[in-house]
**Q** 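Got a structure for you, questions after.
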Amino acid sequence: MRPIIRVENLSKQYRIGTRGPAYRTLRDALTGFARAPLERLRRNGHSNSETIWALKDVSFEVYPGEVVGIIGRNGAGKSTLLKILSRITEPTEGYAEIHGRVGSLLEVGTGFHPELTGRENIYLNGAILGMTKKEIDRKFDEIVAFAEVEKFIDTPVKHYSSGMYMRLAFAVAAHLEPEILLVDEVLAVGDAAFQKKCLGKMGDVAKEGRTVLFVGHNMAAVSNLCGRAILLDKGKIIAEGPTEQIISRYLERIRSSSLSSDLASRRDRRGRGRVRFTSVYFEDKEGNPIEQGVSGQPLVIVLEYQSVDNRPLYNCRVSVAVYDSLGQVLFNCSSELTNNEVITLPPKARIRCVIPRLPLSQSQYLISPFLEVNREIEDWIEGAMILNVVDGDFFGTGKLYPEGWRGKGVLVPHKWLFEQ
Amino acid sequence: MDSGIGEQTGLLEQAAPTTSDEQVKPKSEEAYALPNKPLIVIEPSRGWAPVDLRDLWAYRELLYFLTWRDLKVRYKQTVIGVAWVIMQPLLSTLIFTIFLGKLARVPSNGIPYALFAYAGLLPWTFYSSSLNSSGNSIVGNAHLITKVYFPRVIIPAAAVAGRIVDFAISFTILVGMMFFYGVSWTASSLMLIPLLLLLTLFALGTGMWISALNVKYRDVGIALPVLIQLWMFVSPVLYPASLVPPAWRVVYDLNPLVGLIENFRAALFNMPFNWRALAISTAVTFAMLIYSAYAFRRMEKEFADVV
């Protein structure tokens, strides 16, 4: 059997800074032009110092009917790969061939216009995703029923609730019928019930024999959907094989890199980067550094950060998400939920998040710190640090949590009442 | 990204309950008789490549839907909707007739000034609004460019297509004015068809080029309204081209809008055509269109990374 997708040494180079507000003004171009000969002299052949390979020599093959997961940390090159295969951006080097019609879902609801009605948006979005009018006509009722928006189909979508909006957007996408589907984390939408429905639909797609490339953060979804997985790191493929095996390698890598608490060198982070976390560690309630948390005991998560300039940080939002070893979020502690005042922080300091009674059983967890300043994400590192938790007397009865239940979900304080 | 919490907890809570035996199994091999030639080849493009017309044809419905969206949204968001299309040239005509026609006594080749001005403003408004909306179209549709593939040319083309509809609507007013002033239609009005085609192609050529430049250099978008305003005064919109001294005409006629607008009037009012100016307009239009098609192709590969 011949591959339906064949990728050979695909590479993509970005100029550093091109991913931010990269457009230039004419003035930049003119001054750049005047300076260019000088620059070239000065750099003396080291012209590559300002570029970064988002993807480097990636080669793989996908066979018809396969569902392949692409995993890796933030910045590993997953999205770049998908964008190249979707023809949104061109590779710098390499070659790929695709034997079939491609539908790509890098987000749901691309091109939705708030002023247009649900009906109009179905046609518009369908056309943008590559469906013909005939195809949309044929599937229209099915799409509306799947999205459960029958009553509001002639209402402008600006009046929709965000749930309805996402349901409609996904419903259109889910009814694409290309031979090859490229999907990027679009399932992170809506309520849990609808997510299940979407994953079910994705499963159907796979069973129909269509080929799917699925980029995912949620390891449970990847392992459910994909028969094979590809692990990317820093733009290169570092492992490829059966999903379970690749997922455990991925989690291992996260764990080993999290052991070093020096965050300054971590590159797998998102955000603008003008303020960065430099270190994460734990303390007990007396302020002594500790290696691990204890169930039911206080735990203080300390985040050290530093800003590139000396200005105070106005209107900050800090959060710490705790993931289990499968990459599922267990809970999220956010300053927005606990503090009503506007938070202003010094350019360099420590932030402490105090959890009075740690609701985790004995296992390993991952900590993901997040910092937003004035509504813009400055830094966000997934799996920045491992949190080891040992069993403690969470329930105050001297009894420990049963071994088979450890590491699954969180502990909830509760009591039982019995009638005599 | 509106909320960090949403971002972090947006991961799925629970995956669908698929058991392992339901896992993906490729169907029998015969089901996939793959063609020998790949449907899509992805590799870095080199040098100057022309526009892929086959690809463009495959996406023709998208051109229709984007045009339809632009029109729908434009008319929906305003209180008087479609009436704006007529109001704009009509109000301008009124003002210019009072100030230029009556007070400054600008000559109008013996045609009532109001009709003369409207007949100039009609093609001019079509061209300038086409250039303005197509010039800003790629930047304005950045959310599409970064998320989905389609031939990028469709975006500026849809912007021009929407203005054709506007033109058709305001043309009905011209028909009414011709009737009111008792000007009768003649066979030379047939020239309107090739003239409009040329004007559309010129709008497309310049619009495509500006839209692509605008992605890289945002100054272009800021300079565009100024350029459009100045351009109106060096085109025979509010005055006849005959007002320009013959010695200047050599340079003046290089503006392709001179040949197009002047002959647009000639076609309506049965006046002699200026073939020399028309030849220049035609040559410039096609040169511009071909250059833009190549330049656009060369710049479009960076759109998604830069916009």
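Protein chains get the first letters and strands the later ones, always in sequence-line order, with residue 1 at the start of each. Predicted, not measured: the structure shown is a model, and the values here were computed from it.
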**Q** Who wins among A:Arg101, A:Arg87, A:Glu115 for the most heavy-atom pairs under 4.5 Å with chain B?
**A**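 Among A:Arg101, A:Arg87, A:Glu115, the one with the most close pairs to chain B is A:Arg87.
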**Q** Can you find a heavy atom in the side chain of B:Pro156 that is under 4.5 Å from one in the side chain of B:Ser211?
**A**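 A side-chain contact exists here, since the closest heavy-atom pair is under 4.5 Å.
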**Q** Strictly distance-based, threshold 3.5 Å: is any side-chain N or O of B:Ser292 a donor or acceptor partner for the main-chain N or O of B:Met208?
**A**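 Not confirmed, B:Ser292 side chain does not pair with B:Met208 backbone.
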**Q** Do the non-hydrogen side-chain atoms of A:Glu382 and A:Tyr323 ever get within less than 4.5 Å of each other?
**A**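 Yes, side chains in contact.
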**Q** Name the region of A:Thr132, side chain, backbone, both or neither, that has any atom closer than 4.5 Å to a heavy atom of chain B.
**A**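 Looking at A:Thr132, backbone and side chain both touch chain B.
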**Q** Name the region of A:Thr110, side chain, backbone, both or neither, that has any atom closer than 4.5 Å to a heavy atom of chain B.
**A**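 Both backbone and side chain of A:Thr110 come within 4.5 Å of chain B.
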**Q** Does anything in residues 151-165 of chain B pair up under salt bridge (charged side-chain N to carboxylate O under 4.0 Å, His left out), and if so which pairs, sequence neighbours excluded?
**A**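 Of all non-adjacent pairs touching residues 151-165 of chain B, those that pass salt bridge (charged side-chain N to carboxylate O under 4.0 Å, His left out) are B:Arg163-B:Asp166.
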**Q** Where does A:Glu93 contact chain B at under 4.5 Å (heavy atoms): side chain, backbone, both or neither?
**A**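 When you check distances to chain B, only backbone atoms of A:Glu93 fall under 4.5 Å.
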**Q** May I ask you to list the residues in residues 64-74 of chain B that approach chain A closer than 4.5 angstrom, counting heavy atoms only, ordered by number?
**A**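 Under the 4.5 Å heavy-atom cut-off, B:Phe65, B:Leu66, B:Trp68, B:Arg69, B:Lys72, B:Val73 qualify.
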**Q** I'd like to check A:Tyr63 versus A:Ile4 (side-chain heavy atoms, cut-off strictly below 4.5 Å). Are they in contact?
**A**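 No. Closest side-chain heavy atoms not under 4.5 Å.
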**Q** Please flag which part of A:Ser335 lies under 4.5 Å from any non-hydrogen atom of chain B: side chain, backbone, both or neither.
**A**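 No part of it gets close to chain B.
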**Q** Quick check on the interface: out of A:Ile88, A:Ile84, A:Ile128, who has the most heavy-atom pairs with chain B under 4.5 Å?
**A**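 Highest number of heavy-atom pairs under 4.5 Å: A:Ile88.
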**Q** A:Leu85 versus chain B, heavy atoms under 4.5 Å apart: side chain, backbone, both or neither?
**A**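 When you check distances to chain B, atoms from both the backbone and side chain of A:Leu85 fall under 4.5 Å.
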**Q** Under a 4.0 Å threshold between the charged nitrogen and the carboxylate oxygen, would A:Glu336 count as salt-bridged to A:Arg317?
**A**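 A:Glu336 and A:Arg317: salt-bridged.
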**Q** Carefully, step by step, assess A:Glu179 and A:Arg210 under the rule salt bridge (charged side-chain N to carboxylate O under 4.0 Å, His left out).
**A** CA-CA 5 Å; A:Glu179 284 114 351; A:Arg210 228 170 301 155; over 6 Å; no
**Q** Examine whether an atom of B:Ile222 lies under 4.5 Å from a heavy atom of chain A, and if so say whether it belongs to the side chain, the backbone or both; otherwise answer neither.
**A**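 For B:Ile222, there is no contact with chain A at all, as no heavy atom is under 4.5 Å.
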**Q** Contact part of A:Glu120 toward chain B, heavy-atom cut-off under 4.5 Å: side chain, backbone, both or neither?
**A**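 A:Glu120 touches chain B through backbone and side-chain heavy atoms alike.
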**Q** Can you name the side-chain contact (heavy atoms from CB on, under 4.5 Å) partners of A:Arg272, sequence neighbours left out?
**A**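 Only A:Arg274, A:Glu376, A:Glu378 meet the side-chain contact (heavy atoms from CB on, under 4.5 Å) criterion with A:Arg272.
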**Q** Heavy-atom pairs under 4.5 Å with chain A are the metric here; pick the option from B:Ile145, B:Thr146, B:Asn141 that has the most.
**A**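 Top option by heavy-atom pairs under 4.5 Å: B:Thr146.
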**Q** Pick one of side chain, backbone, both or neither for A:Leu371, based on which atoms fall under 4.5 Å of a heavy atom in chain B.
**A**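 Neither the backbone nor the side chain of A:Leu371 comes within 4.5 Å of chain B.
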**Q** Would you indicate whether the side-chain heavy atoms of B:Ile40 and A:Val102 approach each other to under 4.5 Å?
**A**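 Result yes, sub-4.5 Å side-chain heavy-atom pair found.
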**Q** For the pair B:Asp305 and A:Lys12, find out whether any cationic side-chain nitrogen is under 4.0 Å from an anionic carboxylate oxygen.
**A**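 A:Lys12 and B:Asp305: salt-bridged.
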**Q** Mind jotting down which residue pairs meet the ring pair (Phe, Tyr, Trp, His ring centres under 6.0 Å) criterion with at least one end in residues 132-154 of chain B? Sequence neighbours excluded, please.
**A**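 Every pair satisfying ring pair (Phe, Tyr, Trp, His ring centres under 6.0 Å) with a residue in residues 132-154 of chain B: there are none.
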